[in-house]
Amino acid sequence: MPSPRLVLLVLASLSACRDPAAEDLPAPVVLPAPVSLVDGVGSYTLDADTVLTTSAAGEAVADLLAEALRPATGLPLDVVVADTPADDGISLVLDPAADLAPEGYTLEVTEVGATITAADASGLFYGTQTFRQLLPAASFDTAFVDRAWRVPVVTIADAPRFAWRGAMFDVARHFFEVEEIERQIDLLALHKLNRLHLHLTDDQGWRIEIAAWPELTEVGGNTEVGGGAGGWYTQEDYAEIVDYADARHVTVVPEIDFPGHANAALSSVAALNEDGVAIDPYTGTGVISTPLWVDGPTTLDFVRDVWAEVAALTPGPWIHVGGDEAIGTPTADYATFVQALQEIADDEGKTLIGWDEIGPVPLDPPYVAQYWFDVDNTMEAAANGAQIIASPAARAYLDMRYDTSSDYGQTWAGYVDIEAAYDWDPVLAGLDEADVLGVEGALWTEYVDDEAKLDFMAWPRLVAHAELGWSAADAHDWPDFRDRLEVHGARLDRMGVGFYASPALDWE
Ligand code: TNX
């Protein structure tokens, strides 16, 4: 009787014979790194007969996968809704009883097909994002590519490290159109990022329609850094962004930044000013952080009106109230005001998030502090029971220049090259893993005025933040991440993402 080892060897070479090209399929390269990935022998080829089979609950996810793959592959990839998975082709199995972590999935590719299994729709969606990365980079092209579409035999098991994997876009300093934001949402989702924090208001602009205070967009919607036209989202536009994100398992987190950074509000609404006269708009690049008149007779009613409308447009559980750089507001007034903001959040059924300056303010958990600058404030917040989102400027600020060769961007927190964006631990010294809700890269846009610059500053640093948020701590390894990113660059390129191709990396 032959030894089991010999049988395995023979089987392995037989399957290699069935698929003579198997050897030249490169090993799978997945970002963010999955929990486990076991390579097999052979491959599965998608062809004109390949269908996606799923239950009704998985249909939306299957549709998005088929939509993503059709342009480059030119394959029909019909979605078939059935109660039982198929024996071949691509099966998406949503099984609430499966023993899998929230947002987790397994993905198994054999020579006859692929099966993705998850206990929730997010996990199923993330399984499809991984599946996309098993295909050749050309599959990400926006135009048809005539070639074979093989995926390697592989078994993957995966789940995220942190629940919060975010990106912030400052649409206040410069406005970005709905379509531009939706394109970024597609990119976030591909990297398993699941929170889109929109910084909707600042000194230089107000970007969301508030029916009770139309002046906000009439005036503040038409200004931006540099004196350009600005722009704003109607409530319909905003709802469209929220829905688009939701379908891709991204929760939108709106930020209305008070009590500082309020110049656009004060220049729009006369009644918010002590002398009853609207101040001048501000379109400079520097942070002026004009303060709200916190004990003005209309101010809190105004803030309540704004949050009632924004919260009503927010299916997610969080609202971000800002709270940063309130340089013009006395400490005691600041604390009273932030406590009032928490009451408003409570009334709207939402959990408050604020920048780390809220740390010293006594607030009731649950709430969230976003660490960007001050470690002491962050530790105070954590000691008071807040959860922490890690966005340290020196690592997570996407408006910092990459290096001395960058043509634009800030430097106050230093240069943030790809390695700096990647090589840190979101669990800051002094915090426990459970204190940390997750990671968020933040793109301030004083110097980012078009989509090309948005792409360039955000990518690939957000890939690094995605891996920090998703992948296990013990998988953290810069050389390994760098090697995978060198392959991943070709995918971004096919999608038309104008990312920063650092000369320090050896791009494929
Ligand atoms: C600090 S971070 C700010 C922003 C600026 C940014 C520029 C934070 C909470 N406030 O207002 O845009 O620096 O890097």
Only one of Leu190, Thr130, Val463 forms a side-chain contact (heavy atoms from CB on, under 4.5 Å) with Leu31, so which one is it? Val463
Pairs meeting criterion salt bridge (charged side-chain N to carboxylate O under 4.0 Å, His left out) with involvement of residues 202-216, two or more places apart: Arg173-Asp202
Would you please classify the geometry between the Trp372 ring and the Tyr397 ring as parallel, tilted or perpendicular, with 30° and 60° separating the classes? parallel
Trp470 vs Tyr105 aromatic rings, parallel, tilted or perpendicular, using cut-offs 30° and 60°? tilted
Which residues pass the salt bridge (Lys or Arg N to Asp or Glu O under 4.0 Å) test with Glu343, sequence neighbours left out? none
By salt bridge (Lys or Arg N to Asp or Glu O under 4.0 Å), Asp301 pairs with (sequence neighbours left out) Arg304
Within 45° of the six-membered ring axis of Tyr422 and under 6.0 Å from that ring's centre, is NZ or CZ of Arg484 located there? no
For Tyr500 together with Tyr402, are the ring centres under 6.0 Å from each other? yes
Distance flag, aromatic centroids of His197 and Trp318, threshold under 6.0 Å: no
In this structure, which one of Phe175, Trp206, Phe176 forms a ring-ring contact (aromatic ring centres under 6.0 Å, His included) with Tyr233? Phe175
Under 3.5 Å side-chain donor-acceptor pair for [X] and [Y]:
| X | Y | value |
| --- | --- | --- |
| Asp186 | Tyr244 | yes |
| Tyr367 | Asn384 | yes |
| Asp257 | His320 | no |
| His249 | Glu103 | no |
| Asp237 | Thr234 | yes |
| His261 | His199 | no |

Can you check side-chain contact (heavy atoms from CB on, under 4.5 Å) on Val171 and Ile181, steps first, answer last? CA-CA 9 Å; Val171 293; Ile181 296 297; 4.0 Å; yes
